[in-house]
4 protein chains.
Amino acid sequence: MTDETGRAPRRRADARRNESALLDAAAAVFVASGVEAPVRDIAAKAGVGVGTVYRHFPTRADLVVAVYRHQVEACAVAGEEALERADSPFEALRRWIDVFVDFLVTKHGLAGALQSDDPQFQVLHAYFLDRLLPVGTRLLEAGVAAGEVRDDVTAIELMRGVGGLCIGPADDRYDVRHTVGVFLDGMRAPAR
Amino acid sequence: MTDETGRAPRRRADARRNESALLDAAAAVFVASGVEAPVRDIAAKAGVGVGTVYRHFPTRADLVVAVYRHQVEACAVAGEEALERADSPFEALRRWIDVFVDFLVTKHGLAGALQSDDPQFQVLHAYFLDRLLPVGTRLLEAGVAAGEVRDDVTAIELMRGVGGLCIGPADDRYDVRHTVGVFLDGMRAPAR
Amino acid sequence: MTDETGRAPRRRADARRNESALLDAAAAVFVASGVEAPVRDIAAKAGVGVGTVYRHFPTRADLVVAVYRHQVEACAVAGEEALERADSPFEALRRWIDVFVDFLVTKHGLAGALQSDDPQFQVLHAYFLDRLLPVGTRLLEAGVAAGEVRDDVTAIELMRGVGGLCIGPADDRYDVRHTVGVFLDGMRAPAR
Amino acid sequence: MTDETGRAPRRRADARRNESALLDAAAAVFVASGVEAPVRDIAAKAGVGVGTVYRHFPTRADLVVAVYRHQVEACAVAGEEALERADSPFEALRRWIDVFVDFLVTKHGLAGALQSDDPQFQVLHAYFLDRLLPVGTRLLEAGVAAGEVRDDVTAIELMRGVGGLCIGPADDRYDVRHTVGVFLDGMRAPAR
DNA sequence: TATGAATGAGCCTTCATTCAT
DNA sequence: GATGAATGAAGGCTCATTCAT
């Protein structure tokens, strides 16, 4: 509708549509087959040629990051909001971790990729840490300051720990939310 | 039992030697390159042909299970012992988890494979649960009975949780033992 | 000749500018990466889209020919001049070959392309021969007439021979000028 | 026939047959499409899978070297023989160059590959120089010592020069032997 | 039984070329 | 005319797996 409003991006409409299709396709394929799924599969799902994938996302990490960028941003924002709105720092932490877990759990395979030591995913890894670690740190610090959270756990331990708890296939006998809850309980400052 | 008592046993000796070499080689290669290492690498390390690998271990899972069987057994036994010797059920649990973590941490890539949803590893998965779940259950039950451990965590949650915390590459900023400690702290029965 | 006298010429200016930019870019890229360099590289260097390259030069050979046309012309002219100005026909030949070698040596990859049997380069090949063969022939004939040059070498042998001596990467141990000198020495008419 | 005489190589019969087929196929494909022909083509021609090609010849250079090894060796030997048998050092040189030219001319594309700066062919390049340069040097030295050959041409210039003269498609108008003859004439020591 | 050669599917990546805008 | 996005053929390489010896 606003395509004509500006002047610059004309043909871009197509490209943007494709990029978008690619992101959707990749998201779907990632869920189904993991973040290491063949590039061809993604291209096929998006209805484009492989060349198009490479044009838009030169490396796999670029694609993965792009696929999850929105949600990572949302997750980061959620952390700030939780801090403002929750009744207590610990409650804020719990809420944020909830959002984080939702994210990881619905994006199956992502948690694994985040923990992967494959250099291919370094960029992804870096992006997550860059974006989320500061948030985690702030929440942790607030909790510690309020005497609600133990002071010997770092944000990286928190996030990688929670991330690890989210890895693996869905299973009736394993309730991610529950084990994360246990972990969070373990994060409470011990009564003096 | 005595296998023909004649010529065959000799063969058996060879076969057993090969199997043993294979297990050692696989263990080494798994540590170095993960449980998904090329079959050929393992064969080469063992000084046998790939065909021999397939003969002894038709599927990769068979090999992985075989490689870790001893340690899984030892881990199972360690649970029983802990229960007998530790000062308290919770302490027993902690000791056992320590053994479990040692196991996973030194066998890089194993934790990931255990959590993998790759059907290839289903057998591995099943074996671990078969062997270790009862032990975890007993330790948990003892702890619950003693009022030291919360009663809403299942053995499968305990093990998969701890397993998840062990996934990923070594990293100075992430101390597995520490996060597992947090998790265990979260398992303590809340003071009434 | 005046192309509508009105609006079109403006367009022409653009087109000509583009063509010129393309030639410069191609020349640069050819030197750096050889005459088989990706079309996109050339387009990028010229600051135009690939489509523009194809519009101006439908085939790679067209582009290569266009890029070197000036120099081929100059080389042809140099032959005439040499003939007029040099002290002797042999000296003229030597001078002309010097120019030819300069040309080939500075246009790395060109000598190879000229000798290539890739049908893609046939046009290039034809152009060179069309333009330069007559010159070579005249020089040769003059030399033969003067009794300075052996009479059993054709212009095509001369040029392809010298061309071949120019093929290959720069190398301290191989002095093109030197081997061409040897070749020319071999061209001298034997003393009767 | 002698397959059973020794003990070690049994299955090798097949492998050797394949390797041989591969060499033949590669030779043929190299002639037809050049030394840069797709690995798949060679495999197809040999009636084997690509994997087999890679098993026998991990890199393209290995294959090329293997394909031409016999002839390179023969060429090296021919140099020694020429020196012994020819009437004069210059005649020996001419004979040897004849062999060298025969080799290059029948192996179309090879001369080009030898001159290529593609790092892929470095091994090939090195092999040729290793094997043939000493021979060329001896012949040259003998000629110089006898006062028949000019003393300012190195073996590398000789060989790369002759190699260059051999590059390119067959053509009625270009007689390789003839231009090489001219080059060799240029190599004669000038009458004092 | 053991061997390891052979196979070929499968993944990655690059580029020439077309064509809608 | 110009653009550059899209396409897909091509070619490289790696392994899991089979099977003749």
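Every heavy atom of this structure was used, including side-chain atoms; hydrogens, water molecules and symmetry mates were not. It should be emphasised that the depicted structure is a prediction, and the values quoted were computed from it without experimental measurement. Order of the sequence lines sets the chain letters (A, B, ...), proteins ahead of strands, with each chain counted from 1.
Following rounding to the nearest Å, A:Glu19 (CD) and F:dA6 (C1') show an atom-to-atom distance of 14 Å. As rounded to whole Å, 16 Å separates atom P of F:dA6 from atom CD1 of A:Ile42. When rounded to the nearest whole Å, the span between CZ of C:Arg16 and P of F:dG1 equals 11 Å. Computed from coordinates, the D:Tyr54 OH to E:dA6 P distance equals 16 Å when rounded to whole Å. Counting to the nearest Å, the C1' atom of F:dA16 and the CG atom of B:Leu63 are 14 Å from each other. Whole-Å rounding puts the B:Glu36 CD to F:dT14 P distance at 18 Å. For the pair D:Phe57 CZ and F:dC13 C1', the computed distance is 17 Å after rounding to whole Å. In this structure, CZ of B:Arg17 is placed 12 Å from P of E:dT3, rounded to the nearest angstrom.
Among the atoms of the strands shown, base atoms are found under 4.0 Å from some heavy atom of D:Val50. Using a 4.0 Å heavy-atom cutoff across all strands shown, B:Arg40 reaches at least one base atom of the nucleic acid.
Regarding contacts with the backbone of E:dA6, a side-chain N or O of D:His56 is found under 4.0 angstrom from either OP1 or OP2. Here C:Asn18 reaches the OP1 or OP2 of F:dA2: one of its side-chain N or O atoms lies under 4.0 Å away.
The CG atom of B:Asp118 sits 9.5 Å away from the CZ atom of B:Arg60 when rounded to the nearest 0.5 Å. The distance from the CG atom of B:Leu104 to the CG atom of B:Leu114 is 6.5 Å, given to the nearest 0.5 Å. Distance CD/D:Glu73 to OH/D:Tyr68: 15.5 Å, rounded to 0.5 Å.
Here the side chains of B:Thr59 and B:Val123 are not in contact, with every heavy-atom distance at 4.5 Å or above. In this structure, D:Phe30 and D:Leu63 have side chains that are in contact, with non-hydrogen atoms separated by less than 4.5 Å.
For the pair A:Gly47 and B:Gly51, nearest-nucleotide mapping onto DNA chain F gives the more 5' position to A:Gly47. Heavy-atom distances to DNA chain E give each of C:Arg60 and A:Asp41 a nearest nucleotide, and the one nearer the 5′ end belongs to A:Asp41.
Shown here, F:dT18 forms a base pair with E:dA5; the pair counts as Watson-Crick or G-U wobble because both key distances fall under 3.5 Å.
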